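In what follows, every heavy atom counts, from backbone to side chain, and hydrogens, waters and symmetry copies are set aside. Because the structure is predicted, anything quoted here is derived from the model rather than measured. A note on names: the letters A, B, ... follow the listed sequences, proteins ahead of strands, and every chain is numbered from 1.
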Number of protein chains: 2
Amino acid sequence: METRRIDPVNCSVARALSVVGERWSLLIVREALDGARRFGDFHSRLGIARNLLATRLETLVTAGVMRRVPYQEPGDRRRFAYELTEQGRALRPTLVALLEWGDTYLADPQGPSVIVRHRPVDDASSCDEPVKVVLECAAGHSHLAPEDVCRTPGPGARFVESS
Amino acid sequence: METRRIDPVNCSVARALSVVGERWSLLIVREALDGARRFGDFHSRLGIARNLLATRLETLVTAGVMRRVPYQEPGDRRRFAYELTEQGRALRPTLVALLEWGDTYLADPQGPSVIVRHRPVDDASSCDEPVKVVLECAAGHSHLAPEDVCRTPGPGARFVESS
DNA sequence: GGGCTGAGTTGAAGAACTAAACCCATAAAG
DNA sequence: CTTTATGGGTTTAGTTCTTCAACTCAGCCC
């Protein structure tokens, strides 16, 4: 029997992974969300090989996730920093989801090493409660369980035949 | 089989990525969420090399993301299928977040190829609206922007020296 | 000039990925 | 009872990615 299925490779998940699916990309984005800006920041925080860091940063810049901005500190030469674009900051939910999953199933015996809180950086005034990622539908139903959702073809769907 | 696992940083994101951060792992989980069960399902849907699929499935099984279950179809020999554990199904929000990010920034010109809807598989009765992932804090503030959250140390935090 | 620092490059070794051929057990066909 | 087909892998060979360490380069500081 032939069935038509959504082409699994023509899919935003696959495209997203082709940009941030490499071993270090999401960790680089995570450090950037946490304030890393310079080559050496990323290198020393992550322990990634320098050449790999260079090519990853370049990949992320050409993909539009990060931006290479010149800067100059007084009494120092002109250098480059890497900062997230809006596209890069939009990866926050993905990282929170991964963090939550890791905390739940691969936890350090001492508990999570990082907690994401509801507070803009450098603003001590707001609510500060831990943040979770939840699935919510357009009709307003929130906290959907993984079983409560399914994939359906969208306008850009390609189909493949399979037996 | 020996698995490498170079815990780069003590963080659940890094630990999560050491399980599902390899090139195909999340796509395998995605196909499983969409109903793939057998070796050949994954192979034909994804086009992944067979040996790699075999080791990925083994990795996912030993990591507790999938389970290897024997089954037998009438008039056929006993075979094995791979199904997600609860831990594996819990990756749904991560995949929805990646899908959303890909749809927003790497979209196919025709629009998304996949839409996730609020409906249990094979239940035509429920609301069917598209699903999004949102950040929500324990105090009930919902739809937090990436800028509204920050990382803070948790009970299991390790600290490293850096200059 | 000589040394130091941040920001990379280069190169060799090893690990991971790909593709294609091969293997094995069962079952169905001849 | 031999042959062929099929699902589910394993082997092998070749290519690409990662890693680590060593090297370069430009500008500041003495």
Heavy-atom count check: over 12 atoms from other residues, nucleotides or ligands less than 6.0 Å from A/Glu86 CD? no

query: Under 6.0 Å from the CD atom of A/Glu58, do we count more than 12 heavy atoms belonging to anything else shown?
result: no

For atom [atom1] of [X] and atom [atom2] of [N], their distance in whole Å:
| X | N | atom1 | atom2 | answer |
| --- | --- | --- | --- | --- |
| A/His43 | C/dA7 | NE2 | C1' | 10 Å |
| A/Asp41 | C/dT5 | CG | P | 17 Å |
| A/Arg23 | D/dT16 | CZ | P | 18 Å |
| A/Leu52 | D/dA21 | CG | P | 15 Å |
| B/Leu53 | D/dT11 | CG | P | 16 Å |
| B/Ile48 | C/dA19 | CD1 | C1' | 13 Å |
| A/Arg38 | C/dT5 | CZ | C1' | 10 Å |
| B/Phe42 | D/dG9 | CZ | C1' | 15 Å |

Of D/dG7, C/dG6, D/dT19, the nucleotide closest to the side chain of A/Arg79 is C/dG6

- Task: Taking only the side-chain heavy atoms of A/Tyr71 (C-beta and beyond), determine which of C/dA7, C/dT18, D/dG8 contains the nearest atom.
- Result: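 Nearest to the side-chain atoms of A/Tyr71, counting from C-beta on, is C/dA7.
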
Does a donor on one side chain and an acceptor on the other come within less than 3.5 Å for A/Arg37 and A/Tyr71? no

Donor + acceptor pair across side chains of B/Arg117, A/Thr152 (<3.5 Å):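 A donor-acceptor contact under 3.5 Å links the two side chains.
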
Open item on the list: Using a heavy-atom cut-off of 4.0 Å across all strands, would you classify A/Arg78 as base, sugar-phosphate, or nothing?
Closed with: nothing

Once base and sugar-phosphate atoms are separated, protein heavy atoms under 4.0 Å mark nucleotides 8-13 of chain C, 5' to 3', with B, S and - as BBBB--

Between A/Glu129 and B/Ala138, what is the shortest heavy-atom contact and its length?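 Closest pair (atom of A/Glu129, atom of B/Ala138, distance): OE1-CB, 3.6 Å.
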
Nearest heavy-atom approach of A/Leu53 to A/His43 is CD2-N, 3.6 Å

Do A/Val61 and A/Val20 sit in one hydrophobic cluster, given that two such residues count as connected whenever their side-chain heavy atoms are within less than 4.5 Å of each other, even indirectly? yes

With sequence neighbours left out, the residues meeting ring-ring contact (aromatic ring centres under 6.0 Å, His included) with A/His118 are B/His141

* Is B/Arg56 near enough to C/dA16 that one of its side-chain N or O atoms lies under 4.0 angstrom from OP1 or OP2? ->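 False: B/Arg56 side-chain N/O out of range (4.0 Å or more) of C/dA16 OP1/OP2.
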
Checklist entry - Can you find a side chain N or O atom of B/Trp24 that sits less than 4.0 Å from OP1 or OP2 on C/dA16? => result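 For B/Trp24, the contact criterion (side-chain N or O under 4.0 Å from OP1 or OP2 of C/dA16) is not met.
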
Overall bend of the helix from C/dG1-D/dC30 to C/dG30-D/dC1 (five pairs an end, 10° steps) is 10°

- Query: Is it true that B/Glu136 and A/Lys132 have a side-chain N and a carboxylate O under 4.0 angstrom from each other?
  - Reply: no

